Amino acid sequence: MATVLWTINEFEEIDSTNTWLVARAKEGAPHGTVARADFQTAGRGRLDRSWEAPRGVSLLTSILLAPRVSLEQLPVVTASVALAASRGLTRLCGLAPTVKWPNDLIVNDRKLGGILSELVDVVDGFPRIVVGLGLNLQWPGPEGVGATCVRDEVGVSIAPRAMLDILLAELELILPLCETSDGRQEIAQAYRNVLATRGRTVRVEMVDGSSIVGVVADVNDDGALLVDVDGTEIAVRSGDVFHLRETLA
Ligand code: BT5
């Protein structure tokens, strides 16, 4: 993958950076197109949930990517964005978030950020996706959801645009790794090292409504979560993970 030329579109207000960028992608916007907003009127989480943030205190961004990977390998691309955000934060302020599979950024068991990846289409066999990231910088998230922000964790107020710039710089280093099997192994190893869920008993709710309970064993090189259910390892590609402690609460 050649060096990415980022085209950054910034908005004071928008419905959702993901919604905007998916629409631009369908009109032919290229790999490397980025949207960032100070405020979203209809910020989206996964599975039709909402993402809340007051004006100007969070990184609210979406990035259009067209890596040369298969559909099965797409989770690695999303994982790369989570890793890039985590590394960028460490460089900016020393904070080292872990990742709750699939891609929540966690500090002290609280949610610092979340990722919403949406497949746009498949062109010449390669998927194009919009990866959206909401990262709480100076506002600790809605009450009652167990969230936190960078300022509350380390006392540093990071401007959203500064966070975006360092995220993109880190992403430039990681993204090419998605396209080779050695690179994907490297990403999987880095992801494993920050995986908050490893060894924990979890309930995983699948997209089809079914669920499993087991112990998180690992992630594989394609980014699937490997859950040990009574001695049988199940590879989960998409779903919602609840630590059992949360389930029982
Ligand atoms: C996510 O969803 O964690 C993905 C969030 C992606 C948001 C970005 S912002 C830029 C881009 N444009 C968009 O429209 N979206 C992306 P999920 O795992 O479904 O988590 C959503 C849940 O997190 C909600 O139901 C709340 O409980 C909680 N939540 C909402 N706002 C939050 C916040 N600021 N911090 C922490 N948790 C929050």
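Remember, it's 1-based here, ligands and their atoms both numbered in the order they're listed. Every value quoted in this text rests on a predicted model; they were computed, and no experiment measured them. Note: hydrogens, waters and symmetry copies are ignored here, and every other heavy atom, side chains too, is used.
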For the pair [X] and [Y], find out whether any cationic side-chain nitrogen is under 4.0 Å from an anionic carboxylate oxygen.
| X | Y | value |
| --- | --- | --- |
| E170 | R91 | yes |
| D38 | R36 | yes |
| R192 | D221 | yes |
| R55 | E12 | no |

Counting only heavy atoms not in D230, do more than 12 sit closer than 6.0 Å to its CG atom?
-> no
Do any heavy atoms of S62 fall under 4.0 Å from ligand 1?
-> yes
Determine, using heavy atoms of G146 and all atoms of ligand 1, whether some pair is separated by less than 4.0 Å.
-> no
Is E52 in polar range of ligand 1, meaning some N or O pair under 3.5 Å apart?
-> yes
Got an N/O contact under 3.5 Å between T61 and ligand 1?
-> no
Among all protein heavy atoms in this structure, tell me which lies nearest to [atom], with the distance rounded to 0.1 Å.
| atom | answer |
| --- | --- |
| atom 30 (C) of ligand 1 | S50 O, 3.4 Å |
| atom 36 (C) of ligand 1 | A147 CB, 3.4 Å |
| atom 5 (C) of ligand 1 | W51 CE3, 3.4 Å |
| atom 9 (S) of ligand 1 | Q40 NE2, 3.5 Å |
| atom 25 (O) of ligand 1 | R49 CD, 3.5 Å |
| atom 2 (O) of ligand 1 | R46 N, 3.1 Å |

Check whether the side chains of S210 and D208 place a donor and an acceptor atom closer than 3.5 Å, and report yes or no.
-> yes
State whether a side-chain donor-acceptor pair under 3.5 Å links Q40 with T17.
-> yes
Closest non-hydrogen atom pair between P67 and F126, with its separation = O-CB, 3.8 Å
Please state which part of [X] comes within less than 4.0 Å of ligand 1, counting heavy atoms only: side chain, backbone, both or neither.
| X | value |
| --- | --- |
| L133 | backbone |
| A53 | neither |
| I115 | backbone |

Testing L59, I8, T61 for side-chain contact (heavy atoms from CB on, under 4.5 Å) with R161, which one passes?
-> I8
Criterion side-chain contact (heavy atoms from CB on, under 4.5 Å) against V219, the qualifying member of I187, L195, V236 | L195
Which ligand 1 atoms does [X] reach within 4.0 Å, using its non-hydrogen atoms?
| X | answer |
| --- | --- |
| W139 | 34 (N) |
| G134 | 7 (C), 8 (C), 9 (S) |
| T17 | 10 (C), 11 (C), 12 (N) |
| G43 | 14 (O) |
| V145 | 27 (O), 37 (N) |
| R44 | 5 (C), 6 (C), 7 (C), 13 (C), 14 (O), 15 (N), 16 (C) |
| N136 | 33 (C), 34 (N), 35 (N), 36 (C) |
| K111 | 1 (C), 3 (O), 17 (P), 18 (O), 20 (O), 23 (O) |

Are the side chain of N220 and the backbone of D222 linked by a donor-acceptor contact shorter than 3.5 Å?
-> yes
Check the angle between the aromatic planes of H31 and W6 and answer parallel, tilted or perpendicular using the 30° and 60° thresholds.
-> tilted
Quick one: which of G141, A37, P142 has a heavy atom closest to atom 32 (C) of ligand 1?
-> P142
List for me each residue that meets salt bridge (charged side-chain N to carboxylate O under 4.0 Å, His left out) alongside R49, sequence neighbours excluded, and say none if there are none.
-> D240
